[in-house]
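In what follows, a structure is listed as structure tokens, so that the remarks can point back to it.
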Amino acid sequence: MKLWINGRELEVLLPADATLGAALLTVQDQKIGEDEIISQIVIDGEPLTADLLSQWKDRPIGEFGETRIEAPRRQDYTIASLKTLSEALRESASQREEISDLISRGQTGPALQKLGGYLRFWEATQQSLGCAARLLKVDLRQFEYFEGGQARTAEETIGNLTGQLREMKSALEAGDLVLLGDILDYEFGTLTSTWQNLIEQLADRYENQN
């Protein structure tokens with residue numbers, strides 16, 4: 001099996017009967033630096049997913065032709081992920097407006113269906129920010145950024161989102177669609193731009209340290 005890491009072909013000494021799972025662990029131990037993170041593995045043109053790894057990990061490496069691994073620096077990977085997250089927040093505005101419009105027109109079923117995806121997006125956004133902070137070794141309780149010329153803490157911003165999500169879920173449980181629409185219109189527009197500021201400033205600060 002031929003091996004490329006970040007576009008360079010490398011030699012890795014592996015037993016002839018080594019399995020794919022064992023080979024990948026050996027490559028990670030021997031060829032991936034402490035400041036690098038594996039972002040993608042492509043085997044014979046097929047991106048390796050968790051399901052594929054489960055199916056292939058016990059097969060001998062002789063059954064595969066080539067493996068290409070992308071392993072950017074941990075900091076570069078995290079900054080790129082933060083920028084992607086910021087763009088996703090920008091694009092979420094149209095989803096929020098669509099849900100609010102459906103509520104105002106009394107189309108409760110479609111609105112609630114789309115709202116489920118919107119809530120999952122915000123939960124994933126919180127998780128992604130937490131993962132990025134861990135990779136950058138940032139304590140979000142201490143991290144400050146600026147909004148409208150005022151210093152704010154990431155902890156405060158995360159707390160505001162948690163509170164609004166709680167209010168939204170309470171409105172859902174009470175069947176109060178008027179309140180739900182108000183929260184979407186008057187709270188989440190501001191929250192979205194605030195989170196973009198937080199994420200973009202976090203990315204910029206650590207990108208400028210390269």
### Message
Looking at T78 and R74, would you say the former's side chain and the latter's main chain have a donor-acceptor pair under 3.5 Å?
### Response
yes

#### Entry: Linked, directly or transitively: Y77 and I5 (ILVMFWY side chains, under 4.5 Å)
no

### Task
Assess whether salt bridge (Lys or Arg N to Asp or Glu O under 4.0 Å) is satisfied between K83 and E207, documenting all intermediate values.
CA-CA 11 Å; K83 291 181 177 180; E207 186 173 38; 2.9 Å; yes

### Query
Do you reckon M168 sits in the same ILVMFWY cluster as L179, going by side-chain contacts under 4.5 Å, direct or chained?
yes

### Task
Please answer whether the main-chain N or O of Y206 pairs with a side-chain N or O of Q75 as donor and acceptor at a distance below 3.5 Å.
yes

### Query
Which heavy atom of I43 sits nearest a heavy atom of I41, and at what distance?
CG1-CG2, 4.0 Å

### Task
Could you tell me whether a side-chain N or O of N6 sits under 3.5 Å from a main-chain N or O of A71, the two making a donor and an acceptor?
yes

#### Entry: Check: D176 side chain, A171 main-chain N or O, donor-acceptor pair, under 3.5 Å
no

### Query
Roughly how far, to the nearest 0.5 Å, is CG of L89 from OG1 of T192?
6.5 Å

### Task
Could you go through the side chain to side chain contact (heavy atoms under 4.5 Å, CB included) check for L112 and L102 one step at a time?
CA-CA 9 Å; L112 295 180; L102 287 169; over 6 Å; no

### Query
Do the non-hydrogen side-chain atoms of I99 and L180 ever get within less than 4.5 Å of each other?
no

### Task
Identify whether the distance between the nearest side-chain nitrogen and carboxylate oxygen of R90 and E87 falls below 4.0 Å.
yes

### Task
Dump the intermediate steps for side chain to side chain contact (heavy atoms under 4.5 Å, CB included) on V42 and T67, then the final yes or no.
CA-CA 6 Å; V42 178; T67 295; over 6 Å; no

### Summary
When every non-hydrogen atom of L165 is compared with those of L119, the smallest separation belongs to CD2-CD2, 3.7 Å

#### Entry: Minimum heavy-atom distance E70-G7, with the two atoms named
OE2-N, 4.4 Å

Which pairs of donor and acceptor atoms, one on a side chain in residues 128-155, lie under 3.5 Å apart (sequence neighbours left out)?
{"from": "S128", "atom 1": "OG", "to": "A124", "atom 2": "O", "distance (Å)": "2.9"}
{"from": "D139", "atom 1": "OD1", "to": "R141", "atom 2": "N", "distance (Å)": "3.0"}
{"from": "D139", "atom 1": "OD1", "to": "R141", "atom 2": "NE", "distance (Å)": "3.1"}
{"from": "D139", "atom 1": "OD2", "to": "R141", "atom 2": "NH2", "distance (Å)": "3.2"}
{"from": "Y145", "atom 1": "OH", "to": "T157", "atom 2": "OG1", "distance (Å)": "2.5"}
{"from": "E147", "atom 1": "OE1", "to": "N197", "atom 2": "ND2", "distance (Å)": "3.3"}
{"from": "E147", "atom 1": "OE2", "to": "T194", "atom 2": "OG1", "distance (Å)": "3.4"}
{"from": "E147", "atom 1": "OE2", "to": "N197", "atom 2": "ND2", "distance (Å)": "3.3"}
{"from": "T153", "atom 1": "OG1", "to": "E156", "atom 2": "N", "distance (Å)": "3.1"}

### Task
Specify whether F188 and W122 have parallel, tilted or perpendicular ring planes, treating 30° as the upper limit for parallel and 60° as the lower limit for perpendicular.
perpendicular

### Message
Within this structure, what is the CG-CD distance for the pair L52 and E46, rounded to the nearest 0.5 Å?
### Response
5.5 Å

### Distance-minimising heavy-atom pair for G117 and Q95
C-NE2, 3.9 Å

### Message
With a sphere of 6.0 Å drawn around OH of Y118, does it hold more than 12 non-hydrogen atoms of other residues, nucleotides or ligands?
### Response
yes

### Pair K114-E97, salt bridge (Lys or Arg N to Asp or Glu O under 4.0 Å): steps then yes or no
CA-CA 11 Å; K114 291 182 180 294; E97 291 166 1; over 6 Å; no

### Query
Can you tell me how far the CG atom of N160 sits from the CH2 atom of W195, to the nearest 0.5 Å?
10.0 Å

### Message
List the residues meeting salt bridge (charged side-chain N to carboxylate O under 4.0 Å, His left out) with D182, not counting sequence neighbours, and say none if there are none.
### Response
none

### Query
Using 4.0 Å as the upper bound for N to carboxylate O, is an ion pair formed by R68 and E66?
yes

### Query
Would a 4.5 Å heavy-atom cut-off, applied to side chains only, mark E63 and W56 as touching?
no

### Message
Show, in sequence, the C-alpha distance, side-chain angles and deciding distance for I69 and Q40, and conclude whether the side chain to side chain contact (heavy atoms under 4.5 Å, CB included) test is met.
### Response
CA-CA 6 Å; I69 297 174; Q40 186 180 53; over 6 Å; no

Please tabulate, for side-chain N and O atoms in residues 10-33, each donor-acceptor pair with protein atoms closer than 3.5 Å (sequence neighbours left out).
{"from": "T19", "atom 1": "OG1", "to": "A22", "atom 2": "N", "distance (Å)": "3.2"}
{"from": "T19", "atom 1": "OG1", "to": "K57", "atom 2": "O", "distance (Å)": "3.4"}
{"from": "T26", "atom 1": "OG1", "to": "A22", "atom 2": "O", "distance (Å)": "3.0"}

### Message
If I take atom CG from residue L198 and atom CD from residue Q196, how far apart are they, to the nearest 0.5 angstrom?
### Response
11.0 Å

### Message
For residues I61 and W4: do they belong to one hydrophobic cluster (side chain heavy atoms under 4.5 Å, members Ile, Leu, Val, Met, Phe, Trp, Tyr)?
### Response
no

### Message
Using side chain to side chain contact (heavy atoms under 4.5 Å, CB included), reason through I158 and Q126 one step at a time and then give a plain yes or no.
### Response
CA-CA 8 Å; I158 293 168; Q126 283 184 289; 4.0 Å; yes

### Message
For the OG atom of S104 and the CG atom of L184, what is their distance to the nearest 0.5 Å?
### Response
11.0 Å

### Task
Considering non-hydrogen atoms only, spot the tightest contact between S100 and G181 and give its length.
OG-O, 4.3 Å

### Query
What's the shortest heavy-atom distance between F121 and S92, and which atoms?
CE2-CB, 3.7 Å

### Message
Rounded to the nearest 0.5 Å, what separates atom CG in D204 from atom CG in L202?
### Response
9.0 Å

### Query
How about R8: does its CZ atom have over 12 heavy atoms from other parts shown lying under 6.0 Å from it?
no

